[in-house]
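Because the structure is a prediction, the values reported are computed rather than measured. Lettering follows sequence order; numbering is per chain, from 1.
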Amino acid sequence: MGLRADLIGARSHVSPEAGSLGADFYARAVLDVARDLLGCVVEHGGCAGVIVETEAYHESEPACHAFVGVTPRTRTLFADPGTAYVYRSYGIHALLNAVCEPPGVGAAVLIRALEPLRGVERMRERRGGVGDEQLCSGPGKLTQALGVELRHNATSLLDGPIAIRRRALEIEPVAPVAVAPRVGITKAVDLTWRFCLAGNPHVSRPRPSL
DNA sequence: CATGGGATTGACT
DNA sequence: GTCAATCCCATGC
């Protein structure tokens with residue numbers, strides 16, 4: 001069976017996800033969580049996609065919002081593991097992160113791209129008729145496609161409106177993981193804390209070389 | 001209270 | 001390749 005190329009729509013009736021990820025999953029080192037979130041499914045309001053790109057951020061490095069400590073903006077980053085950190089970027093886009101590491105440690109995984117899985121028609125409506133490979137190929141695009149907004153900041157990914165689930169074992173992705181520097185930052189640019197499913201067409205630009 | 005800078009995107013040269 | 005849009009908030013006076 002074609003498990004790789006024809007995910008869109010074809011598996012809508014297969015119930016492809018196992019249970020929601022627990023707090024213990026997110027409480028680990030943020031780099032491990034970023035890597036392990038690849039292949040998991042993000043769902044909101046009937047729309048869902050497979051995570052194909054992530055980045056890790058940690059309070060110990062200056063590209064992370066939590067580097068400055070606890071402020072009204074960064075408070076969520078220090079909350080319980082498995083909390084959604086949603087913030088506005090460049091005045092326009094809402095970016096979705098999963099808070100990681102033990103409570104009190106400011107760290108999160110930025111969800112940067114999805115392979116659309118369910119609710120694709122609704123995503124197309126929200127995204128204004130772009131091609132299916134552009135529906136969720138960026139952190140601002142995927143929140144627009146899923147209808148994730150700033151009001152979801154600080155909600156739980158364990159039992160809240162946004163869910164992240166593991167997929168069933170038989171359809172776990174087998175693609176190798178590409179590791180690269182993070183996108184769009186000006187500090188700590190040398191850290192290779194970006195993770196992508198290599199060769200997946202829904203990864204954002206710039207595509208990491210294999 | 002004023003200012004400046006983004007974990008981006010899409011339109012345009 | 002360049003660039004503007006547009007909002008939240010950190011910082012400094």
Side-chain angles (χ1 to χ4, degrees), chain A residues 26 29-35 37-38 40 42 47 49 51-79 81 83-101 105-116 123-155 157 162 164 177-197 201-208:
Chain A
Y26 298 101
V30 68
L31 283 171
D32 291 334
V33 180
R35 167 63 182 76
L37 278 175
L38 293 176
C40 294
V42 181
C47 294
I51 299 174
V52 299
E53 179 181 352
T54 61
E55 284 177 358
Y57 289 87
H58 188 271
E59 62 180 16
S60 62
E61 45 90 13
C64 182
H65 294 164
F67 186 70
V68 298
V70 180
T71 68
R73 181 197 198 190
T74 64
R75 183 169 40 89
T76 306
L77 276 170
F78 296 88
T83 301
Y85 171 50
V86 184
Y87 72 96
R88 186 160 307 291
S89 175
Y90 291 95
I92 300 179
H93 309 287
L95 269 53
L96 171 65
N97 300 250
V99 173
C100 295
E101 309 230 356
V105 178
V109 173
L110 170 66
I111 311 297
R112 282 195 59 89
L114 306 176
E115 178 168 332
M123 294 190 200
R124 291 192 187 108
E125 291 171 13
R126 292 192 178 110
R127 291 278 297 129
V130 302
D132 282 359
E133 291 187 352
Q134 277 68 252
L135 282 179
C136 299
S137 60
K141 297 176 183 178
L142 71 90
T143 55
Q144 182 185 21
L146 294 187
V148 170
E149 300 169 3
L150 283 199
R151 61 192 175 82
H152 294 110
N153 183 45
T155 61
L157 296 170
I162 306 167
I164 304 183
V177 174
V179 183
R182 295 173 294 183
V183 177
I185 53 169
T186 58
K187 299 169 235 176
V189 295
D190 292 339
L191 297 177
T192 53
W193 285 10
R194 181 188 185 202
F195 303 90
C196 307
L197 289 187
H202 300 87
V203 167
S204 74
R205 305 299 175 84
R207 306 278 274 289

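- Judged purely by atom type and a 3.5 angstrom limit, Gln144(A) uses its side chain to pair as donor or acceptor with the backbone of Arg126(A).
- Ser89(A) places no side-chain N or O within 3.5 Å of a backbone atom of Leu95(A) that could act as its donor or acceptor partner.
- In summary, of the residues considered (Arg205(A), Arg35(A), Arg112(A), Lys141(A)), a salt bridge (charged side-chain N to carboxylate O under 4.0 Å, His left out) with Glu53(A) occurs for Arg112(A) alone.
- Across Val203(A) and Pro208(A), no two heavy atoms sit closer than the pair CG1-CD, 4.1 Å.
- Here dA7(B) presents its P atom at 11 Å from CD of Glu61(A), a figure rounded to the nearest Å.
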(request) With pairs defined as Watson-Crick or G-U wobble and both distances under 3.5 angstrom, please note down DNA chain C as a dot-bracket string, | for pairing with another strand. (result) |||||.||||||.
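- Side-chain contact check for Val183(A) versus Pro206(A): some heavy-atom pair is nearer than 4.5 Å.
- Counting heavy atoms from C-beta on, the side chains of Leu146(A) and Leu114(A) come closer than 4.5 Å.
- To the nearest angstrom, C1' of dC7(C) lies 6 Å from CZ of Arg88(A).
- Under the side chain to side chain donor-acceptor pair (under 3.5 Å) criterion, Glu101(A) pairs with no residue at all, not counting sequence neighbours.
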(request) Treat primed atoms plus P, OP1 and OP2 as sugar-phosphate and everything else as base, then score nucleotides 8-13 of chain B 5' to 3': B for base contact with protein heavy atoms under 4.0 Å, S for sugar-phosphate contact only, - for none. (result) BSS---
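- Contact between Phe67(A) and Pro62(A) at its shortest, heavy atoms only, is CG-CA, 3.4 Å.
- For Tyr57(A) and dG6(B), the OH to C1' distance is 11 Å, given to the nearest whole Å.
- The main-chain N or O of Gly69(A) is found under 3.5 Å from a side-chain atom of Thr74(A) such that the two form a donor-acceptor pair.
- Of all the heavy atoms in Val99(A) and Thr76(A), the pair that sits closest is CG2-O, 3.4 Å.
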Close N or O pairs between protein and nucleotides 9-13 of chain C (under 3.5 Å):
| from | atom 1 | to | atom 2 | distance (Å) |
| --- | --- | --- | --- | --- |
| dA10(C) | OP1 | Thr71(A) | OG1 | 2.6 |
| dA10(C) | OP1 | Arg73(A) | N | 3.0 |

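- Without hydrogens or angle criteria, Arg88(A) side chain to Ile92(A) main chain gives a donor-acceptor distance under 3.5 Å.
- Taking all atoms of both residues into account, the shortest heavy-atom contact from Leu77(A) to Ala108(A) is CD2-CB, 3.4 Å.
- When rounded to the nearest whole Å, the span between CZ of Arg194(A) and C1' of dA7(B) equals 12 Å.
- Going from the C1' atom of dA7(B) to that of dG1(C) covers 23 Å, rounded to whole Å.
- Sorted by first and then second residue, the salt bridge (Lys or Arg N to Asp or Glu O under 4.0 Å) pairs involving residues 178-190 of chain A (not counting sequence neighbours) are Glu61(A)-Arg182(A).
- Straight-line distance from the NE2 atom of His65(A) to the C1' atom of dC7(C): 13 Å, rounded to whole Å.
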Identify the pairs formed between an N or O of the protein and an N or O of nucleotides 2-4 of chain B at a distance under 3.5 Å, and give each distance.
none

